[in-house]
There are 2 protein chains.
Amino acid sequence: MNTRGQQVQRDVLAILRRERAPLSAYKVLAEMRRATPKMAPTTIYRALAALIKAGRVHKLESLNAFIACRSGKQDHSAVLSICDECGQVEETAAPEVVEALSTLAGRSGFRPVRHVIELRGQCASCENEEVSP
Amino acid sequence: MNTRGQQVQRDVLAILRRERAPLSAYKVLAEMRRATPKMAPTTIYRALAALIKAGRVHKLESLNAFIACRSGKQDHSAVLSICDECGQVEETAAPEVVEALSTLAGRSGFRPVRHVIELRGQCASCENEEVSP
DNA sequence: TGCGTAATGTAATGTTATAACGTAGCAATC
DNA sequence: GATTGCTACGTTATAACATTACATTACGCA
Ligand SMILES: [Zn+2]
Ligand SMILES: [Zn+2]
Ligand SMILES: [Zn+2]
Ligand SMILES: [Zn+2]
């Protein structure tokens, strides 16, 4: 059916997949503009929204940046561990933690729809470097 | 010792405490400008940073907004449940969830320093309204 | 008192995100 | 085949959020 925007989505996803670290929307835009100089922010944000909805991309809320999903699963709530040294992000499925959170919040009648779980810290290799300078 | 900035911090905290829903930095700024019309964004961001560091204020990363801490405890990682209907936020201490997350992430050598745990959904009263229109 | 330094004030700018509105493409109906 | 209605898309502008850079001030201390 619609091909214009789906191509944008494919391209955006390809750009995000090439990177191991998250990209801001405007970094993605800059990449896209190499082929399509006049592309506007809105186009990128729409593509990102669609990809997120489809579970192909995660937004890192504490970073205002985006990363391709590395898990095959559909519609999952992931734990995103962000290294503040090197910027790399590790994605971990954690259904039991999500479950525990939902239960906890549910005690007061809150009904969660979306989970934002991000850890900021240092990855294994960056912490090792720190020890031996 | 320093009194200029600490007064700003007190005022910002008072503004955030009056509200049950989070405020953006610029909303806080607008409030502050009623008394000090020339106050600049930087001043607010500095005060917010200090208050966050002191554990008196939380930033809602998925909302780019701030809320006064409702817990008495120092230096805690809270679960923040945000109602997307009415904007109210509920703060829950959840040491066991935080622990579980740290353990989980630690399996790959990641060392978490800060935890961002936000739930988006509907609070009890908003969900009830929805049922009976 | 004069100096060094850390906190604060101020202005400008950078970055992220959305609003508002018009247009293209396509399918159903007449 | 024209008309209508729907939805996705393009375009422009602007709103909203945040930081950099540098000048100024306060304050402890020699
Ligand atoms: Zn994923
Ligand atoms: Zn790292
Ligand atoms: Zn708190
Ligand atoms: Zn509510």
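First the proteins, then the strands, lettered A, B, ... as listed; each starts at 1.
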Next item on the list: With a 4.0 Å heavy-atom cut-off, tell me which residues in residues 35-47 of chain A come close to DNA chain D, sorted by residue number.
Entry: A:A40, A:T42, A:T43, A:R46
Item checked: Side-chain N,O (A:K59) to OP1/OP2 (C:dA17) below 4.0 Å -> yes
Notebook entry, point to check: Can you get from A:Y26 to A:L63 by hopping between Ile, Leu, Val, Met, Phe, Trp and Tyr side chains that sit under 4.5 Å apart?
Noted result: no
Checklist line | Distance in angstrom units between A:L51 CG and D:dA8 P, rounded | finding: 15 Å
Check: Atom CG of A:L63 and atom C1' of D:dC17: how far apart are they, to the nearest Å?
Finding: 15 Å
Next item on the list: Calculate the interatomic distance between B:Q9 atom CD and C:dG9 atom P; express it in whole Å.
Entry: 11 Å
Next item on the list: Applying salt bridge (charged side-chain N to carboxylate O under 4.0 Å, His left out), name anything that partners B:R56, two or more places apart in sequence or on another chain.
Entry: none
Donor-acceptor list for residues 90-100 of chain A side chains, cut-off 3.5 Å, not counting sequence neighbours:
unit_1: A:E90; atom_1: OE1; unit_2: B:S108; atom_2: OG; d: 2.9
unit_1: A:E90; atom_1: OE2; unit_2: B:S108; atom_2: OG; d: 2.7
unit_1: A:E91; atom_1: OE1; unit_2: A:R70; atom_2: N; d: 3.0
unit_1: A:E91; atom_1: OE2; unit_2: A:H58; atom_2: NE2; d: 3.0
unit_1: A:E91; atom_1: OE2; unit_2: A:H76; atom_2: NE2; d: 3.3

Check: Over how many whole Å does the gap from B:Q6 atom CD to D:dC27 atom C1' extend?
Finding: 14 Å
Next item on the list: Establish, with yes or no, whether the OP1 or OP2 oxygen of D:dC17 is under 4.0 angstrom from a side-chain nitrogen or oxygen of A:N64.
Entry: no
Margin query: Could you check whether any side-chain heavy atom of B:E61 comes within less than 4.5 Å of a side-chain heavy atom of B:E118, counting everything from C-beta outward?
Written below: yes
Checklist line | Sequence-distant partners of B:R107, salt bridge (charged side-chain N to carboxylate O under 4.0 Å, His left out), two or more places apart | finding: none
Check: Is B:V116 isolated, or which residues cluster with it under the ILVMFWY side-chain rule of less than 4.5 Å, directly or via members?
Finding: A:V116
Note to self: Please give me every residue in residues 23-32 of chain A whose heavy atoms get under 4.0 Å of an atom in DNA chain D, ordered by residue number.
What the structure shows: none
Notebook entry, point to check: Rounded to whole angstroms, how far apart are CD on A:Q7 and P on C:dG25?
Noted result: 16 Å
Notebook entry, point to check: Do any pairs count as a salt bridge (charged side-chain N to carboxylate O under 4.0 Å, His left out) and have a residue in residues 12-28 of chain A, sequence neighbours left out, and if so which ones?
Noted result: A:R18-A:E31
Notebook entry, point to check: Taking only residues two or more places apart in sequence or in another chain, which ones pass salt bridge (charged side-chain N to carboxylate O under 4.0 Å, His left out) with A:R46?
Noted result: none
Item checked: Length of the CD-C1' vector between B:E61 and D:dC17, whole Å -> 12 Å
Next item on the list: Sequence neighbours left out, what passes side chain to side chain contact (heavy atoms under 4.5 Å, CB included) with A:A25? Give chain and number order.
Entry: A:I44, A:Y45, A:L48, A:F66
Checklist line | Distance, rounded to the nearest Å, where B:L60 contributes CG and D:dA16 contributes P | finding: 18 Å
